Protein chains: 2
Amino acid sequence: MSEKTIGRLSQYRRILKELLDQSLGNVYSHELARRAGVSAAQVRRDLMVVGYSGNPHSGYEIVALIKSISNFLDDSQVQRVALIGVGSLGRAILSQFAGNGTRLQITAAFDTSGNASSSVVTGCRCRPIEELEQVVQGEGIKVGLIAVSSTEAQAAADRLIEVGVLSIVNLTPASIQVPDYVHVENLDITMSVERAAFYARQRD
Amino acid sequence: MSEKTIGRLSQYRRILKELLDQSLGNVYSHELARRAGVSAAQVRRDLMVVGYSGNPHSGYEIVALIKSISNFLDDSQVQRVALIGVGSLGRAILSQFAGNGTRLQITAAFDTSGNASSSVVTGCRCRPIEELEQVVQGEGIKVGLIAVSSTEAQAAADRLIEVGVLSIVNLTPASIQVPDYVHVENLDITMSVERAAFYARQRD
DNA sequence: TAGATTGTTAATCGATTAACAATC
DNA sequence: TAGATTGTTAATCGATTAACAATC
């Protein structure tokens with residue numbers, strides 16, 4: 001299963017929810033493709049993996065398709081997520097996830113003792129970093145978001161992996177080294193802006 | 001020129017600067033590869049495009065290589081960037097770019113009149129959204145960052161493109177439709193976290 | 001039915017890696 | 001020099017798209 005496919009499924013689901021809000025009942029691959037910015041063949045190919053079939057007459061039934069995608073992507077129960085680093089980026093992420101109604105919940109946020117610790121930020125209790133191991137292990141958290149400074153990224157990853165985290169979103173520009181069994185998503189804002197600037201110059 | 005190559009060059013430059021801080025004079029492709037998480041062949045292939053040659057004895061001279069990469073990636077003068085949306089994510093980006101010493105500067109930030117407008121956030125003046133056209137056109141800004149809510153993303157993109165922006169970083173989960181000549185970078189944090197959660201579940 | 005869309009395979013495309021002669 | 005690394009091509013790999021019989 002390709003990483004890109006998983007990402008697109010998440011995107012399709014969001015678009016489908018929008019269509020549902022507009023009181024639409026079904027949708028064709030080309031419409032979904034247009035909105036997601038991919039080809040219709042791609043959409044049909046992606047949707048095959050979630051085990052829901054459309055039909056040539058009416059396309060895909062939106063409600064059933066959302067259910068199938070969610071069934072494929074989501075855990076049957078709430079999945080807890082830990083956030084390391086409650087600076088401005090960490091706060092932004094907390095507020096994005098606060099009550100977003102998915103099965104993903106940031107239940108633990110950590111920062112160095114002096115900082116925002118022992119406070120509550122947009123509904124999430126923020127703890128001193130020293131409690132990381134105990135809380136992550138205690139709650140059985142398997143997903144970690146790293147939003148500390150670049151220099152602290154590797155140390156944060158090491159500590160998370162040590163207590164059982166299997167998947168990490170790295171929001172720093174630093175590349176982190178992890179064992180093969182750990183999944184890493186790199187989300188480097190600075191790099192994206194630099195790349196955007198490069199293309200703006202090229203197209204000028 | 002592949003988008004991925006541009007991103008990696010930006011990454012190599014950051015790593016090279018780290019190595020320079022450690023008083024190293026030169027570096028081999030495999031060392032750069034290890035730190036960037038790619039193959040040595042990839043590094044050598046990427047470095048060819050910036051027009052700097054290493055040599056079989058001593059590898060790549062760090063100072064000269066940084067200069068070559070910067071010469072390739074950066075504009076000769078300061079490149080101004082506009083930010084739309086000064087919520088928590090917008091503020092996080094502003095603080096990341098405040099005095100980062102590159103040729104990229106966020107010189108204009110916009111938000112709806114009521115919000116943070118007419119204030120100064122981490123060194124950047126924040127203006128009411130109504131002034132967008134005048135300021136972006138006046139300063140000749142070609143790069144825009146969209147950090148508004150999903151529903152407002154398309155409108156923000158349209159307004160930016162209307163006044164000459166050629167490259168956009170879209171930080172919302174919404175996909176935006178743009179003319180062919182405009183470059184878009186999508187940076188969807190929610191999608192990355194969902195994907196990370198999926199893989200955590202798979203590897204458990 | 002007629003016609004558009006589906007599921008799915010084959011063809012295409014592009015990016016990554018392996019390999020190696022040239023070279024310091 | 002000897003040996004490791006470079007620049008660069010060919011081979012591989014994977015992902016995307018084109019195409020089409022099946023189908024509602």
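Lettering follows sequence order; numbering is per chain, from 1. Hydrogens, waters and symmetry mates are skipped; everything else that's a heavy atom, side chains included, is used. Please read all numbers here as calculations on a predicted model, not as lab measurements.
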Report the residues that fulfil side chain to side chain contact (heavy atoms under 4.5 Å, CB included) with B:Q134, sequence neighbours left out, ordered by chain and then residue number. none

Salt bridge (charged side-chain N to carboxylate O under 4.0 Å, His left out) partners of residues 25-41 of chain A, not counting sequence neighbours, each pair once: A:E31-A:R34, A:E31-A:R35

Set of ring-ring contact (aromatic ring centres under 6.0 Å, His included) partners for A:Y28, sequence neighbours left out: A:H30

Residues two or more places apart in sequence or in another chain: which of them pass side-chain hydrogen bond (donor to acceptor under 3.5 Å, both in side chains) with B:S167? none

Any residue meeting side-chain hydrogen bond (donor to acceptor under 3.5 Å, both in side chains) with A:N55, in chain and number order, not counting sequence neighbours: A:S58

Looking at A:R195 and B:E3, would you say the former's side chain and the latter's main chain have a donor-acceptor pair under 3.5 Å? yes

So which of residues 185-193 of chain A are in contact with DNA chain D, with a heavy-atom cut-off of under 4.0 Å? none

Taking only the side-chain nitrogens and oxygens of B:S53, find out if one of them lies under 4.0 Å from OP1 or OP2 of D:dG7. yes

Side-chain (A:R159) to main-chain (A:I129) donor-acceptor, under 3.5 angstrom: yes

Report all interatomic pairs (protein N or O, nucleotide N or O of nucleotides 11-15 of chain C) with separations under 3.5 Å.
none

Paired and unpaired positions of DNA chain D as dot-bracket, Watson-Crick or G-U wobble under 3.5 Å, | denoting a partner strand: ..||||||||||||||||||||||

Could you go over nucleotides 3-5 of chain C and give all protein N or O partners under 3.5 Å, atom names and distances?
residue : atom : partner : partner atom : Å
C:dT5   : OP1  : A:H30   : NE2          : 3.0
C:dT5   : O4'  : A:P56   : O            : 3.1

Quick one: side-chain hydrogen bond (donor to acceptor under 3.5 Å, both in side chains) partners of A:Q137, sequence neighbours excluded? none

In residues 76-90 of chain B, what donor-acceptor pairs under 3.5 Å come from side-chain atoms, sequence neighbours left out?
residue : atom : partner : partner atom : Å
B:Q79   : NE2  : A:A197  : O            : 2.9
B:S88   : OG   : A:S95   : OG           : 3.2

Can you sort out the partners of B:Q11 under side-chain hydrogen bond (donor to acceptor under 3.5 Å, both in side chains), two or more places apart, ordered by chain and number? none

